[in-house]
Amino acid sequence: MRILPFLFLLAVFCLSADSAFAAPVAAAISAVAGLLSAGGFAASVIKLAFGFALQYGVSLIEKARAKKRQGAVEARGVTIEVRMGDDQPASFVVGTYATAGIRKYIGTWGQAGKTPNAYLTDVVELSCIPHPGLAGIWIDDTKGMILWNEPHADGRGFPIQEFRVDGKDFAWVRFVDGTQTVADPWLIERFGSHPERPFKATMIGRGIAYAVVTFRYNTEKFGGLPACLFEMLPMPLYDLRKDSTNGGSGAQRWNDPSTWEPSDNNVVVEYNLIRGIYYGDEWIFGGQNLAAFRLPASNWIAGANECDRLVDRAGGGQEKQFRCGYEIRLDMEPLSVIDDISQGCNARLAEVGGVFKTLVGAPGAAVYSFTDDDILVTEDQSFEPFPALSETHNGIEATYPEPSEKWATKDAPPRYSSTLEADDGNRRLVTGVEFPAVPFGRQVQTLMKAMIEEERRFRTHLFHLPPDAFPLEPNDAVSWTSSRNGYANKKFLVIRVLGKLTFNQLVVLKEFDPSDYSWSGTDELPTDIGWLGPIEPPAQPMYGWQVVPANLLDDAGNPRRPSMRVSCDPDQDDVRQVHVQVRLKASAAVVFDGIIAYGAPHSWILNGTFLPATTYQARGKFIPFSTRKTDWGAWLDVTTDNVRLNEDDVYLPGVIEDLQDFTEEATDWLRDGVRDLITEQQRMARLIAEQDLVNFSDKQELRRELVSRAGDITAGYSEAIIVATGPGSALAKRVQVIEVTIPTLATASVVDAIAARVTATEGNVSSLAGRTTTIENELPNKASVTALDSLTTTVNQQGGTLDAYGLRIDSIEVALPGKASVSAVNSLDARVTNNEGSISAQANSISSLFAALGGNSAALNIRASVLATPSGYAARYGIEARTGGAGTYRSAAMYLDVPASTSSPTRIVFLADQLVIASGSNLKNPFIFQNGEATLNVANIGTVNAGLLQSTNGKTKIDLNNGTIEVFS
């Protein structure tokens with residue numbers, strides 16, 4: 001009964017022994033060697049147990065499954081959730097791998113004058129020893145691209161492209177490599193004065209590599225506290241291939257880490273772990289103080305080169321055959337870590353006499369050959385041609401960390417074989433393997449193929465070889481020719497070797513075929529990468545988007561500003577607002593960016609600043625109540641109406657109305673007033689020749705007359721001298737008339753009148769004196785010419801009013817009846833009036849030219865007027881040139897006006913289609929006012945009060961009222 005427990009313990013020991021190291025196994029075999037020679041029942045049982053144990057740990061699959069049988073509890077694979085607490089074991093990353101790290105500090109902060117907790121900063125330890133940097137980052141389920149060339153100005157870090165919304169960043173990351181000697185200045189600035197959790201100057205983290213991740217509040221991007229996963233660059237390691245003092249070629253040295261280079265080579269990683277990971281002189285993990293001779297350079301260089309050998313990919317191109325990545329926690333067993341990394345390159349690690357050797361992939365050439373005759377028949381032998389059905393496999397499945405799926409554990413494409421299944425009685429016998437240190441899908445398939453093919457090499461032998469086999473070591477290849485087994489130089493791998501006191505060697509051999517380790521791009525099976533990231537509903541497009549010209553109106557309904565009307569479809573669900581953008585079509589510069597409340601009539605005139613007669617493009621998109629996404633509509637062209645600034649925009653209230661009143665009154669004063677005044681003056685002139693004699697009681701008259709006739713032709717001269725008096729009146733007048741006539745053909749006459757008259761009746765006194773000469777020349781119905789020359793003076797007193805008036809008028813009129821007429825008039829008049837002590841003085845000067853032909857006319861009126869009264873003094877001068885006919889006239893006028901009221905401005909008004917002011921004869925830089933715009937090539941101005949300044953080519957626009965400056969390329 002005591003033999004069974006011993007057998008159990010022996011089996012457990014053999015099963016749990018690490019087959020990669022020969023020393024423990026050799027010790028186990030030595031322990032039972034004596035028992036094997038004891039004979040009897042006990043020896044038979046032990047031999048049976050030892051032979052049974054040979055089936056375990058001799059294949060790559062058995063090595064990979066050993067940990068499962070041992071019930072290992074170590075955490076393996078990528079840590080995708082951040083760890084917290086000081087009880088967490090420190091860790092570091094080798095090769096290409098990712099980690100969520102250990103949170104060391106977290107806090108919120110805000111900018112001055114803004115939301116106090118708008119930002120969250122997370123400080124995460126990524127490595128307990130210095131590390132070169134980050135290769136990438138995952139935030140929640142989004143792979144982020146770090147914009148390393150866009151550091152934030154305040155030092156918070158580098159923005160992440162996927163968390164940039166409309167040009168605004170919401171996530172930044174910064175890496176501290178572990179070589180720091182002082183606490184992070186930025187963290188001290190943000191949290192150094194925190195009342196509960198200050199970030200202190202002593203929080204340096206010497207030798208600790210960490211990341212500082214900062215997030216800005218955004219409910220659309222972050223549903224809660226963001227979870228980060230950091231992809232690490234390979235850390236620098238010692239590569240003996242690059243050390244010219246250790247069998248390699250190069251400047252790397254084991255005792256000078258500054259010469260090391262980043263590597264994810266499996267064998268290079270193993271080498272460093274076995275010799276030991278140090279931070280300065282402080283041991284961190286793995287072996288301690290192992291000398292270089294214990295890891296022979298030729299063996300380890302060969303293994304490293306095999307890892308770096310290029311193999312084909314299915315889609316084209318090549319990559320290194322074997323790479324690795326792993327997060328090593330300091331509470332892990334070093335042998336367990338080395339096992340996982342060795343598994344990633346189908347390596348077998350052996351320790352013989354304190355010397356470590358590795359075998360990567362297929363064994364090399366045979367180092368020992370033997371036949372059946374070399375096997376000691378006097379010693380026990382064991383042969384296992386086939387394993388038990390439970391240990392037979394014809395298919396393999398595997399899992400590995402997939403970087404494209406946020407480093408989650410993923411199933412590799414399984415490898416099944418219908419041929420092998422038929423060999424096994426049409427059974428699918430599948431085994432599963434984990435590759436926690438292989439984040440490369442193609443590599444995992446390579447490993448799976450080699451494992452399952454190597455697994456089918458079932459033949460395993462145990463026997464003794466003679467002393468010449470003493471140099472054999474585990475992982476050596478031997479060649480065996482056996483007539484008994486039908487072998488002809490068949491290759492076997494030495495799994496275990498046990499030296500006997502007789503120098504005979506107990507060996508365990510397993511068959512192999514180098515083709516099991518071959519790989520071609522055609523061997524690669526397709527791998528589906530699942531979607532990883534936020535699942536969002538499709539973006540809603542902008543429906544019914546339209547844009548047409550429109551204008552902003554004033555209270556009177558007059559267009560005041562050019563604009564545009566935008567419209568969209570009604571009855572859209574979950575729409576709160578409409579985002580509208582307008583840009584110049586020529587430059588694509590955005591000139592309007594606004595939000596409009598969504599609602600009836602679903603059409604809006606934009607209240608923006610737009611240029612008249614300019615082509616813009618407008619687009620819009622819906623803004624929902626929820627956080628779902630919407631898309632912009634298309635840019636649509638629209639050309640604004642030619643609505644420009646008018647008097648209401650430039651002048652004070654009432655200025656234009658007053659100017660309009662003035663120009664209307666001044667035009668009447670000049671145009672109509674000239675005609676009225678000339679008519680009145682002509683009437684006054686005729687009074688001289690047509691004095692009324694009815695009211696005179698005594699009248700004396702002297703006449704002379706002389707007439708000559710020849711048929712109907714007459715020539716006559718007459719002269720009348722009249723004097724008359726009556727109650728309160730006296731008159732003296734002389735009239736001379738010369739007239740010649742040819743009836744129906746021609747008439748010419750001259751009338752010269754001189755008169756003086758005084759009147760005094762009922763307190764009213766008047767006096768008139770003057771002379772008028774009228775000359776007329778006519779061809780009836782053909783042509784006529786009239787000339788008038790008149791001088792008139794009057795003085796009148798009526799009650800308390802005294803009026804003195806003087807007039808001179810010269811007038812010429814020429815006409816072709818029904819065809820053309822022309823006239824020229826010059827007049828001067830002056831008047832002084834005393835109205836009960838209120839004295840006023842006024843003088844007028846008029847020059848009027850008029851020509852008419854065929855229904856059209858041209859006129860030029862010049863009038864000057866001065867006025868002096870007790871209430872003020874006024875002066876006005878006006879010139880108008882006017883042409884037209886049939887109700888259509890064109891004119892140009894100028895007015896100089898100094899009104900009597902000091903509250904009214906003095907004015908110089910020009911009314912014309914174009915006003916030009918030039919400096920002397922220099923017409924290269926004139927001032928021109930035309931079509932409502934002033935144009936000046938050169939100006940020297942001190943102070944400018946304006947609303948909008950813009951360049952003539954539209955490249956620069958300064959909106960002084962709104963305080964904006966826009967420059968377009």
Side-chain angles (χ1 to χ4, degrees), residues 3 6-7 10-11 13-14 17 19-59 62 348 350-353 355 357 359 363-387 457-513:
I3 296 177
F6 178 79
L7 176 61
L10 177 61
F13 179 80
C14 292
S19 62
F21 288 80
V25 178
I29 296 176
S30 297
V32 299
L35 295 177
L36 289 175
S37 62
F41 178 73
S44 299
V45 171
I46 294 174
K47 291 176 184 178
L48 175 64
F50 188 75
F52 181 74
L54 293 180
Q55 299 302 320
Y56 296 91
V58 297
S59 72
E62 286 301 322
R348 300 170 185 269
E351 183 264 328
V352 181
V355 175
K357 292 186 177 181
L359 171 64
V367 298
Y368 181 78
S369 299
F370 64 95
T371 66
D372 292 341
D373 295 338
D374 295 311
I375 300 174
L376 300 181
V377 296
T378 58
E379 299 288 348
D380 294 318
Q381 298 184 34
S382 175
F383 171 48
E384 294 291 339
F386 300 103
R457 311 299 173 186
F458 296 131
R459 293 173 175 267
T460 305
H461 294 269
L462 180 149
F463 47 73
H464 290 76
L465 290 174
D468 64 350
F470 177 79
L472 290 180
E473 296 177 351
N475 295 339
D476 281 343
V478 298
S479 175
W480 182 10
T481 300
S482 172
S483 58
R484 182 174 62 212
N485 295 290
Y487 301 157
N489 288 322
K490 185 175 180 60
K491 300 298 188 294
F492 284 85
L493 180 67
V494 178
I495 302 299
R496 300 185 181 99
V497 180
L498 176 62
K500 304 292 291 290
L501 295 177
T502 60
F503 289 100
N504 294 326
Q505 303 297 311
L506 175 62
V507 296
V508 178
L509 305 179
K510 184 183 184 305
E511 68 172 323
F512 76 89
D513 188 330

Any side-chain heavy-atom pair from Asp468 and Phe370 closer than 4.5 angstrom? no

Taking the side chain as C-beta and beyond, is there a heavy-atom pair between Leu493 and Leu359 under 4.5 Å? yes

Closest heavy-atom pair, Leu465 versus Ala469, reported as atoms and distance to 0.1 Å, is CB-CB, 3.7 Å

Salt bridge (charged side-chain N to carboxylate O under 4.0 Å, His left out) against Asp372, all qualifying residues, sequence neighbours excluded: none

Would you indicate whether the side-chain heavy atoms of Arg348 and Ile495 approach each other to under 4.5 Å? yes

Only counting residues at least two apart or in another chain, list the ones meeting side-chain hydrogen bond (donor to acceptor under 3.5 Å, both in side chains) with Gln505. none

What is the minimum heavy-atom distance between Ala366 and Val478, and which atoms define it? CB-C, 3.9 Å

Applying side-chain hydrogen bond (donor to acceptor under 3.5 Å, both in side chains), can you list everything that pairs with Asn485, at least two apart in sequence or on another chain? Ser482

Output yes when a side-chain donor or acceptor of Glu511 lies under 3.5 Å from a complementary backbone atom of Phe458, and no otherwise. yes

side-chain hydrogen bond (donor to acceptor under 3.5 Å, both in side chains) partners for Ser369, two or more places apart: none

Heavy-atom closest pair (Pro467 atom, Thr502 atom, distance to 0.1 Å) is CG-O, 4.1 Å

Is there any salt bridge (Lys or Arg N to Asp or Glu O under 4.0 Å) pair reaching into residues 472-481, and which pairs are they, with sequence neighbours excluded? Lys357-Glu473

Residues at least two apart in sequence or cross-chain that pass side-chain hydrogen bond (donor to acceptor under 3.5 Å, both in side chains) with Tyr487, listed by chain then number, are Arg459, His461

So, using salt bridge (charged side-chain N to carboxylate O under 4.0 Å, His left out) as the criterion, who are the partners of Lys491 when residues are at least two apart? none

For Ala477, what residues pass the side-chain contact (heavy atoms from CB on, under 4.5 Å) criterion, not counting sequence neighbours? Pro363, Phe512

Sorted by chain and residue number, the side-chain contact (heavy atoms from CB on, under 4.5 Å) partners of Gln381 (sequence neighbours excluded) come out as Ile375, Val377, Phe463, Arg484

Candidates Thr371, Asn489, Asp374 - the one meeting side-chain hydrogen bond (donor to acceptor under 3.5 Å, both in side chains) with Thr481: Asn489

